[in-house]
2 protein chains.
Amino acid sequence: MSAAQKHVVAIGLSAAIVSVAEERPCVLIVKHRKDHGDALPFGPFDPLQHRTLEGGLRTWVGEQTHLDLGYAEQLYTFGDRGRHELKPGEGPRIVSVGYLALTRQSGEAPDTLWRDWYRYFPWEDWRGEKPAIIAEVIAPALAAFAKSAPHAGLSETRRDRARLCFGLEGLAWDEEKVLERYELLYEAGLVQESVRDGRDGADKPLPLGAGMVFDHRRILATAIARLRGKMKYRPVVFELMPASFTLLDLQRTVEAISGIRLHKQNFRRLVEGLGLVEGTGKVSALTRGRPAELFRFRREVLRERPSPGVRLGTRRAGS
Amino acid sequence: MSAAQKHVVAIGLSAAIVSVAEERPCVLIVKHRKDHGDALPFGPFDPLQHRTLEGGLRTWVGEQTHLDLGYAEQLYTFGDRGRHELKPGEGPRIVSVGYLALTRQSGEAPDTLWRDWYRYFPWEDWRGEKPAIIAEVIAPALAAFAKSAPHAGLSETRRDRARLCFGLEGLAWDEEKVLERYELLYEAGLVQESVRDGRDGADKPLPLGAGMVFDHRRILATAIARLRGKMKYRPVVFELMPASFTLLDLQRTVEAISGIRLHKQNFRRLVEGLGLVEGTGKVSALTRGRPAELFRFRREVLRERPSPGVRLGTRRAGS
DNA sequence: CCAATTAATACTCGTTATGAGTATATATAT
DNA sequence: ATATATATACTCATAACGAGTATTAATTGG
């Protein structure tokens with residue numbers, strides 16, 4: 001191997017392509033590969049053909065999924081050995097660059113399907129009750145993980161991480177800590193991927209949530225976290241909305257993504273107060289109740305205000 | 001070239017290593033290379049030797065600079081062709097992963113030096129007056145750039161970007177938009193790097209700020225933006241502080257990084273109210289005025305509150 | 001047609017956070 | 001002793017926020 005080749009790696013591009021339909025946040029999954037779970041669309045970056053990473057991503061996502069990505073942003077570059085190989089140590093070293101893309105749902109391409117992202121992260125959906133899986137499975141398993149630490153200091157640290165991540169012992173739930181939670185479960189050997197990657201503690205009860213290939217669940221966790229955060233200071237939700245929508249449609253979309261319920265009246269006050277939407281005189285043809293006015297996104301806000309986003313309230317309230 | 005080699009690239013790791021001394025935010029620069037300006041410490045990622053990207057970074061930063069990086073976080077992966085080569089088209093394709101690291105200043109290694117980061121971004125320091133360079137040079141140059149657009153729509157867009165980025169026409173200054181501002185200046189051909197990269201519009205008046213090698217100034221802009229944002233919701237400033245400090249020391253450090261002045265009394269109220277610091281009975285040996293109490297960082301907050309940071313006020317006030 | 005139901009929309013109210021001061025205390029320099 | 005510089009303590013008005021109640025406009029079942 002020459003000196004030049006020594007530092008050579010392949011770059012993989014993976015995309016968490018998100019849409020929301022029927023109050024369910026969805027991510028695009030490519031079928032094949034039954035071995036280790038679902039996969040995000042991914043492919044190699046070809047440095048000869050593409051000038052930019054994002055350009056490369058857009059090109060082959062277009063080819064594979066027939067989707068036109070509107071919004072896309074880079075998330076993170078993962079390079080850990082042993083976390084993106086089917087079997088540790090096999091094949092060339094791959095560094096994977098994860099992306100988040102938003103789109104409105106449309107016809108599916110041949111080998112893809114939209115899946116509710118809470119399938120992979122059941123503990124992240126707090127729109128109804130607090131997910132029972134936390135108190136029943138996660139909290140005890142993490143307590144055991146803490147107890148099993150080789151020394152007291154580490155044990156303490158693990159307990160603290162569990163408390164802060166999952167809002168145990170009365171601590172507040174922070175919907176943005178998606179990645180921290182997944183990483184903790186990974187380290188504790190509670191997800192399928194850590195078993196696959198051969199970490200010890202692989203004798204744990206049941207794997208939590210549906211597993212994914214390579215490090216794709218980690219990328220998806222990063223994507224959810226980023227979207228939940230970004231929504232608050234940038235009007236990215238509208239990338240997921242049709243041209244016109246009711247304020248409740250909008251609220252349900254925000255709730256689907258953030259995984260928490262919002263106060264309806266305050267949501268309206270906020271969204272109107274920021275000038276994010278404007279009414280179109282028309283009303284929606286609903287089945288029940290007083291018909292709601294249809295609104296559209298006011299693109300102009302982007303030129304008026306520095307950073308308008310849907311700041312969701314700290315705590316959840318009745319819908 | 002084989003099929004496997006086709007997708008092969010080299011990964012470069014670059015680090016913006018930051019410290020603050022004497023109210024000046026500094027970044028570590030490696031000397032050599034007089035051709036195109038200063039360089040951040042950077043080096044190749046060796047996939048054979050290192051398990052993780054960050055591990056690789058820490059290793060050779062340790063070798064090159066004799067610094068022990070405490071805090072480090074990944075910023076962004078840049079892969080644009082023509083923006084990290086000394087001469088466009090020469091050499092292998094390099095994808096560069098940028099990092100932000102924080103440290104307390106200590107002895108310098110042989111070929112490195114600490115430089116005030118406002119040397120590269122003179123328009124970012126609003127601690128005194130609004131930087132004169134904005135009204136005198138940047139605003140007119142960007143107006144000309146907008147006017148030179150091939151069609152009216154693009155012209156409008158450019159004008160809007162200039163207004164929002166630089167707070168023109170009475171708009172608020174957003175200290176976090178460091179990268180957007182640099183990118184706009186790059187596109188407008190107003191920084192040395194865009195001239196070097198052979199973009200048109202290279203006949204502009206004078207290059208703004210000191211240039212850097214490769215895409216290092218872009219990485220530094222990303223680092224500053226990230227740090228300015230992160231400071232507000234994570235207690236990262238304390239990575240830059242000594243074990244004990246006065247509240248004014250702390251405020252000056254926050255101001256140095258954010259580039260804006262804060263209200264002293266409110267800063268104290270905030271920082272104490274969040275439980276970020278605790279007094280150590282001792283007072284500092286100052287030269288003038290009433291001696292200030294020395295404080296230390298309360299590490300415990302990390303275990304108590306979900307995300308405590310130094311939320312600096314929107315607008316600046318007298319010191 | 002009326003009452004119950006459902007949802008949209010409009011207000012209200014108390015609490016907290018924030019921006020911007022004034023007032024007072026404690027040191028040094030002359 | 002006085003001027004000056006800084007630290008620290010309070011005050012106050014306003015905006016933002018969480019959590020309601022009240023009212024309006026439609027549908028649905030009798």
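In what follows, chains are A, B, ... by sequence order, proteins preceding strands, each numbered from 1.
- Using the six-membered ring where Trp is involved, A/F238 and A/F297 have ring planes that are parallel, under 30° apart on the 30 and 60° scheme.
- Under 3.5 Å, the side chain of B/Q265 and the base of D/dT11 form no donor-acceptor pair of N or O atoms.
- Ion pairing between B/R119 and B/D116 fails under the 4.0 Å rule for side-chain N and carboxylate O.
- Rounded to whole angstrom, the span from the CZ atom of B/F267 across to the P atom of C/dG19 amounts to 13 Å.
- When the P atom of C/dA17 is taken as reference, atom NZ of B/K232 falls 18 Å away, rounded to whole Å.
- Between B/T246 and B/R269, the residue anchored nearer the 5' end of DNA chain D, judged by the nucleotide with its closest heavy atom, is B/T246.
- Under the rule for a salt bridge (Lys or Arg N to Asp or Glu O under 4.0 Å), the partners of A/R161 that lie at least two apart in sequence or sit in another chain are A/E187.
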Secondary structure string for DNA chain C (Watson-Crick or G-U under 3.5 angstrom, | for other-strand pairs): ||||||||||||||||||||||||||||||

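- Taking atom CG of A/L270 as the reference point, atom P of C/dA10 lies 16 Å away to the nearest angstrom.
- A donor-acceptor pair shorter than 3.5 Å can be found between the side chains of B/D249 and B/T246.
- Regarding A/E293, its CD atom lies at a distance of 14 Å from the C1' atom of D/dT24, rounded to whole Å.
- Looking at B/L240 and B/R104, their side chains never come closer than 4.5 Å, going by heavy atoms from C-beta outward.
- We find that CD1 of A/I260 is positioned 13 Å from C1' of D/dG18, with the value rounded to whole Å.
- Partners of B/P122 by side chain to side chain contact (heavy atoms under 4.5 Å, CB included), not counting sequence neighbours, listed by chain and number: B/I133.
- What separates CZ of A/R290 from C1' of D/dT24 is a distance of 5 Å, to the nearest Å.
- D/dT8 atom C1' lies 13 Å from atom NE2 of B/H263, rounded to whole Å.
- The 5' end of DNA chain C is approached more closely, in terms of each residue's nearest nucleotide, by A/E272 than by the other of A/E272 and B/R288.
- Ion pairing between a basic and an acidic side chain is recognised when a charged N comes within 4.0 Å of a carboxylate O; A/K230 and A/E73 show such pairing.
- Closest contact between the side chain of B/N266 and the listed nucleotides C/dT12, C/dA20, C/dT6 involves C/dA20.
- One atom, OH of A/Y233, and another, P of D/dA16, lie 21 Å apart when rounded to the nearest Å.
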